[in-house]
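Input: a single structure, listed below in structure tokens.
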Amino acid sequence: MSETAVKKVGVIGCGRIAVVYREAFRALEADGILRVCYAVDKDLERAREFASHFEGCGASDKVEDLLEQGLDTVHILTPHFLHARQAIACLEAGLDVLCEKPIAINLQDADAMANAAKQAGKQLGIIYQNRYISGIQHARQLVRDGKLGKPLAAWSSLNWHRPPSYYECDWKGSWEQEGGGVIIDQAIHSMDLVRYLLDSEAVEVKGQIDRRVLKTIEVEDVATAAIAFANGVVYAFSACNYNKGNSPIQIEWTFENGIVHLTGDAVEIAINGAAPYVVEAETGPDHGGENYWGYHHEVQIRDFYRCLNEGVPVPFAPEDAKKTLQLVQGVYESSFTGKTCRIPEDLPPVGRKYL
């Protein structure tokens, strides 16, 4: 098969977010980039329903069946605790993998995934679709060009609503399977974007988590932290998922020469005292999913296949995704111990149960 041949694709996990991938895959199929050939879900009927949208697509409730289909690439959309096991199996079978965030629920699994990709000589990418928001890409270029100057500070605030019914599935709300609550499931995107623009390594965290309202879950529904980076920036982080609605995410970065402020998908930028301007995010076709998933999965998936076809490393590799997971684990570890957590020295490889 040539590098630019149409990629034969499989999907593991056909739950809620699969609708976003379904619409993205339709667009990429129309452009001759890929062909969806196989779908797997523990619920066979759900796998069959997803497969029904693609001509000649098979379905199964067993990952082992997918590994025998002669595929090129697999997309993993399963619960957090399954990411490592399934990604490693696919990589060892000679498949490139694009996996939903988080990379894993602990650092040991993240390392095992990165090592499996290296040993197999295959690409492993992790979905952080909000990096592809137009304003974020524009701001990152300004940072790299030096137009914003030295970073000075950053903060983020997430106030979302997750009712008790959200946690009625068999894995959410548990340390063993979800790996945490509002941080690892929702606010991890905010953490990742702050890292992405600061372009620096986190060195320590002082954080606190609690379960204040959602009493039926094991994990946190609120969190705050001060996260210090090697470049001197202190990032003020806060998140909760017991708000009455899903308010737009707010993130702000302050630089010597200006400010970058994200509200939802729109980014406002002010440089050297000039009037601020807004880079609006693109909108896409209605994928039938939740608004907070946004429209940028397709953009990242396209970039993944561009990298495969050009033979270049993906810019959202496991080593990078691990650094975002370290921030998550740093808040958890600090909250558990009541102490400032040094990164990576104080991070436990397999995590803990914190509440």
Side-chain angles (χ1 to χ4, degrees), residues 98 101-103 123-158 187-203 227-237 248-284 292-307 310 312-328 343:
L98 184 56
K101 62 80 189 167
I103 181 173
Q123 294 258 39
L124 170 61
I126 309 302
I127 287 285
Y128 279 107
Q129 76 276 9
N130 290 336
R131 291 187 179 193
Y132 287 84
I133 293 171
S134 299
I136 294 297
Q137 287 294 307
H138 177 68
R140 183 169 168 84
Q141 192 60 52
L142 291 175
V143 170
R144 292 195 159 184
D145 290 344
K147 294 182 179 179
L148 287 166
K150 179 182 176 181
L152 302 177
W155 63 264
S156 72
S157 178
L158 179 145
I188 191 171
H189 285 292
S190 302
M191 286 181 162
D192 186 71
L193 286 182
V194 168
R195 272 195 59 239
Y196 189 58
L197 284 196
L198 290 182
D199 202 20
S200 180
E201 304 298 334
V203 294
I227 303 173
F229 285 80
N231 61 4
V233 169
V234 175
Y235 163 33
F237 165 86
I249 290 175
Q250 302 277 338
I251 307 176
E252 186 169 283
W253 299 260
T254 301
F255 296 85
E256 283 180 314
N257 301 332
I259 292 176
V260 176
H261 188 100
L262 176 142
T263 303
D265 283 350
V267 177
E268 182 177 271
I269 300 171
I271 303 177
N272 291 325
Y277 62 94
V278 176
V279 181
E280 297 284 357
E282 310 94 333
T283 58
Y292 53 78
W293 288 328
Y295 297 97
H296 295 86
H297 275 82
E298 181 183 332
V299 185
Q300 182 170 355
I301 294 169
R302 282 184 182 274
D303 198 30
F304 180 70
Y305 284 98
R306 176 191 64 79
C307 293
E310 294 179 3
V312 299
V314 296
F316 33 86
E319 294 81 5
D320 186 32
K322 178 186 172 183
K323 292 177 182 177
T324 297
L325 182 61
Q326 286 178 333
L327 299 190
V328 174
I343 297 176

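Along the sequence shown, the residues carry numbers beginning at 1.
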Hits for ring-ring contact (aromatic ring centres under 6.0 Å, His included) against Y128, two or more places apart or cross-chain, chain-then-number order -> H189
Gap separating the CD1 atom of I127 from the CD1 atom of I103, nearest 0.5 angstrom: 12.5 Å
Using modelled atom types and a 3.5 Å cut-off, is there a donor and acceptor pairing between side-chain atoms of S200 and backbone atoms of N231? yes
Does any part of the side chain of I301, heavy atoms only, come nearer than 4.5 Å to the side chain of L98, both counted from C-beta? yes
Contact summary for I271 and L142, nearest pair of heavy atoms: CD1-CD1, 3.9 Å
Approximate separation, where rounding is to 0.5 Å, of H297 NE2 and R302 CZ: 15.0 Å
Considering all heavy atoms, the nearest A202-L327 contact: CB-CD2, 3.2 Å
Inter-residue atom distance I343.CD1 - K323.NZ, 0.5 Å rounding: 12.0 Å
In Å and rounded to the nearest 0.5 Å, what is the CG to CD1 distance from N130 to I251? 8.0 Å
Checking Q300 side chain against Q129 main chain: does a donor-acceptor pair fall under 3.5 Å? yes
Looking only at heavy atoms, which two atoms of A154 and V194 are closest? And how far apart? CB-CG1, 4.0 Å
With no hydrogens and no angle check, is any side-chain donor or acceptor of Q326 less than 3.5 Å from a backbone partner on V203? no
Do C307 and F316 come within less than 4.5 Å of each other through their side chains, counting heavy atoms only? no
Is the shortest side-chain heavy-atom distance between I249 and S190 below 4.5 Å? yes
Closest approach of P318 and I126, non-hydrogen atoms and distance? CA-CG1, 4.5 Å
From CA spacing to verdict: side chain to side chain contact (heavy atoms under 4.5 Å, CB included), V267, H138: CA-CA 9 Å; V267 177; H138 177 68; over 6 Å; no
Let's go through K101 and T324 carefully: what are the C-alpha distance in whole Å and the side-chain angles of both, what is the deciding distance for side chain to side chain contact (heavy atoms under 4.5 Å, CB included) to 0.1 Å, and is it a yes or a no? CA-CA 10 Å; K101 62 80 189 167; T324 297; over 6 Å; no
How far does CG of L193 sit from CG of L198, to the nearest 0.5 angstrom? 10.5 Å
I'd like to know if R195 and D192 make a salt bridge, using a cut-off of under 4.0 Å between side-chain N and carboxylate O. yes
Counting N and O atoms only, with roles assigned by atom type, does the side chain of E252 sit under 3.5 Å from a partner on the main chain of I259, one being a donor and the other an acceptor? no
Which atom names give the shortest non-hydrogen contact between I133 and G264, and what distance separates them? CD1-O, 4.4 Å
For A139 and V260, which heavy atoms make the closest approach, and how far apart are they? CB-CG1, 4.0 Å
Distance alone, cut at 3.5 Å: any donor-acceptor contact between the side chains of Y132 and E298? no
So the ring pair (Phe, Tyr, Trp, His ring centres under 6.0 Å) pairs with at least one residue in residues 251-272 (sequence neighbours excluded) are W155-H261
Answer yes or no: is there an ion pair linking D320 with R131, defined by an N-O contact shorter than 4.0 Å? yes
Pairwise distance CG(L148) to CZ(R140) - rounded to 0.5 angstrom: 13.0 Å
How far apart are the C-alpha atoms of R306 and D303, what are their side-chain angles, what is the distance that settles it, and do they pass the side chain to side chain contact (heavy atoms under 4.5 Å, CB included) test? CA-CA 5 Å; R306 176 191 64 79; D303 198 30; 2.6 Å; yes
